[in-house]
Amino acid sequence: MATSGQVFTISGISGEFLKDHDLIGKQDPYVIFEHGHQKVETSVIKSAGLNATWTETYTLEAPAGQGAVANEAKVMVYNKNLLADGLIGQGTFKLTNGPQRVLLMNKKGTEQGQIVFNVSGGAGSGVAGGASRSAAVTTGATGTTTTKTDCVSCQKTTTSSTGGPVCDTKTFTKVEDRPIVKEVKTYVKEHHPVEKEFVIETKPTGQERELTEGRTTEHLGTQEKIVQVTKPNPCGGVPTS
């Protein structure tokens with residue numbers, strides 16, 4: 001039986017964005033992986049803002065016998081809006097095993113952040129050899145994508161959150177350096193001196209009292225006046241009045 005292609009599993013998706021594209025609140029990002037006619041869409045992370053993480057697992061199939069061109073894939077990140085979803089950024093990557101880091105660019109070629117994820121599988125995939133087969137179905141009405149993987153002879157099979165079996169799952173831990181915005185409040189006590197103007201009014205009460213302290217006497221002059229004339233005594237001796 002001829003091989004139909006290799007199936008790659010995408011997991012551990014996280015995004016870091018340089019700008020929040022929502023004017024009110026925080027942006028609601030979701031990711032679309034596109035490879036040929038296949039299109040896989042993640043869930044929407046509500047109010048994620050500048051950082052988002054997806055725990056779901058998705059699969060893409062690369063046709064066999066087409067070399068490196070068959071492994072070219074595209075990733076796009078959108079912001080969910082009520083009227084029309086806005087493109088945050090997009091980039092391309094290779095469907096090869098290992099961690100992937102894709103810089104996101106807008107339509108003008110300006111960097112908008114990055115998205116990292118892990119790609120596993122691929123080797124020995126296809127119907128011949130009994131590995132797996134995947135198919136991606138996109139529903140245009142709701143904007144969601146369901147990815148289904150049918151395992152033929154996988155050694156270990158688990159079930160993802162999307163409901164389909166997963167042939168291989170790898171878990172890794174990544175340390176992220178995220179900036180922290182701190183708000184600092186400074187309290188200052190100020191002293192403001194105030195100059196006031198006072199008006200003092202003096203009114204007489206009509207009562208007087210004599211003060212002995214500081215009393216002085218002024219001599220205004222001397223005036224003499226004869227008030228009585230003594231008559232001569234005819235008998236001699238002392239005059240009589």
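Residue numbers run from 1 in the order of the sequence given. Scope of the values below: all heavy atoms of this structure, side chains included, with no hydrogens, waters or symmetry mates. What you see is a predicted model, and the numbers here were worked out from it, not measured in a lab.
In this view, Lys46 satisfies the side-chain hydrogen bond (donor to acceptor under 3.5 Å, both in side chains) rule with no residue, not counting sequence neighbours. Legend: residues meeting side-chain hydrogen bond (donor to acceptor under 3.5 Å, both in side chains) with Glu34, ordered by chain and number and at least two apart, are absent. Partners of Asp22 under the salt bridge (Lys or Arg N to Asp or Glu O under 4.0 Å) rule, at least two apart in sequence or in another chain, do not exist in this structure. Shown here are the ring-ring contact (aromatic ring centres under 6.0 Å, His included) partners of Phe17, two or more places apart in sequence or in another chain: there are none. Annotation: side-chain hydrogen bond (donor to acceptor under 3.5 Å, both in side chains) contacts of Thr92 (sequence neighbours excluded): none. Under the side chain to side chain contact (heavy atoms under 4.5 Å, CB included) criterion, Thr205 pairs with Gln207, not counting sequence neighbours. Under the rule for a salt bridge (Lys or Arg N to Asp or Glu O under 4.0 Å), the partners of Glu210 that lie at least two apart in sequence or sit in another chain are Arg215.
Contact record, Pro29 with Ile88: CB-CD1, 4.2 Å, taken as the closest heavy-atom pair. Closest approach of His35 to Glu72, counting heavy atoms only: ND1-O, 2.7 Å. Closest approach of Thr53 and Ser14 over heavy atoms only: OG1-CB, 3.9 Å. Nearest approach of Gly121 to Asn97, heavy atoms of both residues: O-OD1, 2.6 Å. A pairwise comparison of heavy atoms in Thr57 and Ser11 identifies OG1-CB, 3.9 Å as the closest pair. Nearest heavy atom pair, residue Leu50 against residue Leu18, reads CD2-C, 4.2 Å.
Of the possible donor and acceptor atoms, none in the side chain of Glu16 sits under 3.5 Å from a partner among the backbone N and O of Gly113. With hydrogens and angles ignored, the 3.5 Å screen pairs no side-chain donor or acceptor of Glu41 with any backbone N or O of Ile32. Between the Asn79 side chain and the Asp28 main chain, a donor and an acceptor come within less than 3.5 Å of each other.
Within the 4.5 Å cutoff, no side-chain heavy atoms of Ile10 are placed close to those of Thr59. Looking at heavy atoms from C-beta onward, Val75 lies in side-chain contact with Val31 at the 4.5 angstrom threshold.
Between the CD1 atom in Ile45 and the NZ atom in Lys80 there is a gap of 13.0 Å [rounded to 0.5 Å]. Distance check: Gln90 CD to Ile115 CD1 gives 12.5 Å after rounding to the nearest 0.5 Å.
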Tell me which donor-acceptor pairs under 3.5 Å the side chains of residues 100-109 have, and how far apart each pair is, sequence neighbours excluded?
{"from": "Gln100", "atom 1": "NE2", "to": "Lys94", "atom 2": "O", "distance (Å)": "3.3"}
{"from": "Gln100", "atom 1": "NE2", "to": "Thr96", "atom 2": "O", "distance (Å)": "3.2"}
{"from": "Gln100", "atom 1": "NE2", "to": "Thr96", "atom 2": "OG1", "distance (Å)": "3.3"}
{"from": "Arg101", "atom 1": "NE", "to": "Gln114", "atom 2": "OE1", "distance (Å)": "2.4"}
{"from": "Arg101", "atom 1": "NH2", "to": "Gln114", "atom 2": "OE1", "distance (Å)": "3.0"}
{"from": "Asn106", "atom 1": "OD1", "to": "Lys108", "atom 2": "N", "distance (Å)": "3.1"}
{"from": "Asn106", "atom 1": "OD1", "to": "Gly109", "atom 2": "N", "distance (Å)": "3.0"}
{"from": "Asn106", "atom 1": "OD1", "to": "Thr110", "atom 2": "N", "distance (Å)": "2.7"}

Between side-chain atoms of residues 188-197 and protein atoms elsewhere (two or more places apart, or another chain), which donor-acceptor pairs fall under 3.5 Å?
{"from": "Glu190", "atom 1": "OE1", "to": "His192", "atom 2": "NE2", "distance (Å)": "2.9"}

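With no hydrogens or angles considered, no side-chain donor-acceptor pair links Thr42 and Glu56 at under 3.5 Å.
For the ring pair (Phe, Tyr, Trp, His ring centres under 6.0 Å) with Phe117, the qualifying choice from Trp54, Tyr58, Phe93 is Phe93, the only one to do so.
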Evaluation steps, side chain to side chain donor-acceptor pair (under 3.5 Å), between Asp85 and Tyr30: CA-CA 10 Å; Asp85 298 348; Tyr30 66 92; 2.6 Å; yes
